[in-house]
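All remarks here apply to the structure that follows.
Indexing begins at 1, ligand by ligand and atom by atom, following the structure's order. Quick caveat, the model's predicted, so the values are computed rather than measured.
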Amino acid sequence: MTRPVYVHDLDALAGQARAVRAALPPPVELLYAVKANPDPGVLRTLAPIVDGFEAASRGELRRLAEVLPGRAPAAYAGPGKTDADVAAALDAGVHRIHVESPTELARLGALATATGRSAQVLLRVNLPVDAPGASLVMGGGPSPFGMDPADAVGCARRPPAGIDVRGIHAHLASGLDAPLAATVAAAVVDWAVAEVDAAEVDVGGGMTVDYTDPDARFDWEGYGRALADVLDSYPGVRLRIEPGRSVTAHCGAYLTEVIDVKRSYGEWFVVVAGGTHHLRTPAAKGHAQPFTVHPRLGAAGPRTDGGPVTVVGQLCTPKDVLSFSSTAGPIGVGDVLAFAMAGAYAWNISHRDFLLHEPPLFRTGDLREVAAEWASRPFGT
Ligand SMILES: *Cc1c(COP(=O)(O)O)cnc(C)c1O
């Protein structure tokens, strides 16, 4: 039996990141949200392409310091920052700290003055944004993230000593398509300039990824044109975005092999090595992870009839479902399944110790080549 393996295609990642960068107007700063995938190879690949990294914990600060020594993170964010967290961010020389509440701002101010430093901050605001076309309102409801607009205005007008409020940060939703993301960006900048005379605005991440269509991509060109319009209206404003999922989701795949196929009360189940303790994304988001089937050379074991299957892993829970599909074709014991779109919020959000199975392996390369090589080896070796 071969252990499941994560494959990161770093060439594809570089291509995707360059396409994102090229679609944005040059003044727009592109940060990568490390929490989507903090893999060292991913960070190294993105380093020459993005303008900086957004870290959301001390662990991510440490990872960046290890992988990219000498390059201070662009932003430090995240809820529930302790004194030690903000001290670590100041020590790391992060360019901007994103502040989540008035209490956090006071804490940061006390620390900065006590240590004779100053902190450049963006205030995270939970702003209601009306998207008439989509007939929905984002933000503006009770949330642990960010400040109500009135609190943010108060903090901007009367910051504590040691604090330099440079502007506003907003990350209101995820799964936004380009028109919606552009509407949010424009509304946030309008508000930030009108209410606090912001010199900098970070409009967050959350650009959508379509797990039903591995070939689809967020419309970066359309979004870039919309941001160019925003810059035309506010030429003095430094505009920043911080996507995660939309940058790395497509560059990762989770490869595993079929241990068993069985029929249960009329439905086919395909049991694979590994499971959602390696790839929690489908369980977390409630979707079917797209996959391709690479038939095992010389396999003579049982196969499904080509109809719909539920693909499950090795965990003793009915929630361990990786995918369900009506189009995969016959699947047999030994076949290699390659789950696409496993490059973001995948291994790093997985409950890896549940049942104490072995962790997956990791390698870089072309997904199809790795899958073909695996499927060409005899099953059970
Ligand atoms: C998670 C997060 C991001 C990245 O979101 P994606 O959906 O991965 O693009 C950006 N900013 C903040 C504040 C976040 O919490």
Original post:
Which atoms of ligand 1 are found less than 4.0 Å from any heavy atom of Tyr345?
Top reply: 1 (C), 4 (C), 5 (O), 6 (P), 8 (O)
Original post:
Any chance the side chains of Arg363 and His8 put a donor and an acceptor closer than 3.5 Å?
Top reply: no
Original post:
Is it true that the side chains of Asp164 and Ser118 contain a donor and an acceptor less than 3.5 Å apart?
Top reply: no
**OP:** Any atoms of ligand 1 less than 4.0 Å from a non-hydrogen atom of Arg245? List them with their elements.
**Re:** 6 (P), 8 (O), 9 (O)
**OP:** Scan for salt bridge (Lys or Arg N to Asp or Glu O under 4.0 Å) pairs involving residues 22-36, sequence neighbours excluded, and state none if there are none.
**Re:** Glu29-Arg238, Glu29-Arg240
Original post:
What atoms of ligand 1 come within less than 4.0 Å of a heavy atom belonging to His169?
Top reply: 13 (C)
Original post:
Does the side chain of Tyr76 come under 3.5 Å of the side chain of His98 through a donor N or O and an acceptor N or O?
Top reply: no
**OP:** Can you sort out which atoms of ligand 1 are near Glu242, meaning under 4.0 Å from one of its heavy atoms?
**Re:** 3 (C), 4 (C), 10 (C), 11 (N), 12 (C), 13 (C)
**OP:** Could you tell me which atoms of ligand 1, counted from 1 in the order shown, lie closer than 4.0 angstrom to a heavy atom of Gly244?
**Re:** 4 (C), 6 (P), 8 (O), 9 (O)
Original post:
Going by atom types alone, do Arg117 and Thr115 pair a side-chain donor with an acceptor below 3.5 Å?
Top reply: yes
Original post:
Any N or O of Gly205 that comes nearer than 3.5 Å to an N or O of ligand 1?
Top reply: no
Original post:
Any nitrogen or oxygen of Lys35, main chain or side chain, under 3.5 Å from a nitrogen or oxygen of ligand 1?
Top reply: yes
**OP:** Decide whether an N or O pair under 3.5 Å exists between Ser246 and ligand 1.
**Re:** no
Original post:
With sequence neighbours excluded, what pairs up with Tyr6 under the side chain to side chain donor-acceptor pair (under 3.5 Å) test?
Top reply: none
Subject >> Test item, Gly206 contacting ligand 1 (heavy atom, 4.0 angstrom) >> reply: yes
Original post:
Which atoms from ligand 1 have a heavy atom of Pro243 less than 4.0 Å away?
Top reply: 9 (O)
**OP:** Could you tell me how the ring of His351 sits relative to the ring of Phe354: parallel (under 30°), tilted (30 to 60°) or perpendicular (over 60°)?
**Re:** tilted
**OP:** Return yes if a side-chain donor-acceptor contact under 3.5 Å exists between Asp320 and Thr317, otherwise no.
**Re:** no
Subject >> Numbered atoms and elements of ligand 1 in range of Ala33, under 4.0 angstrom, heavy atoms >> reply: 3 (C), 4 (C)
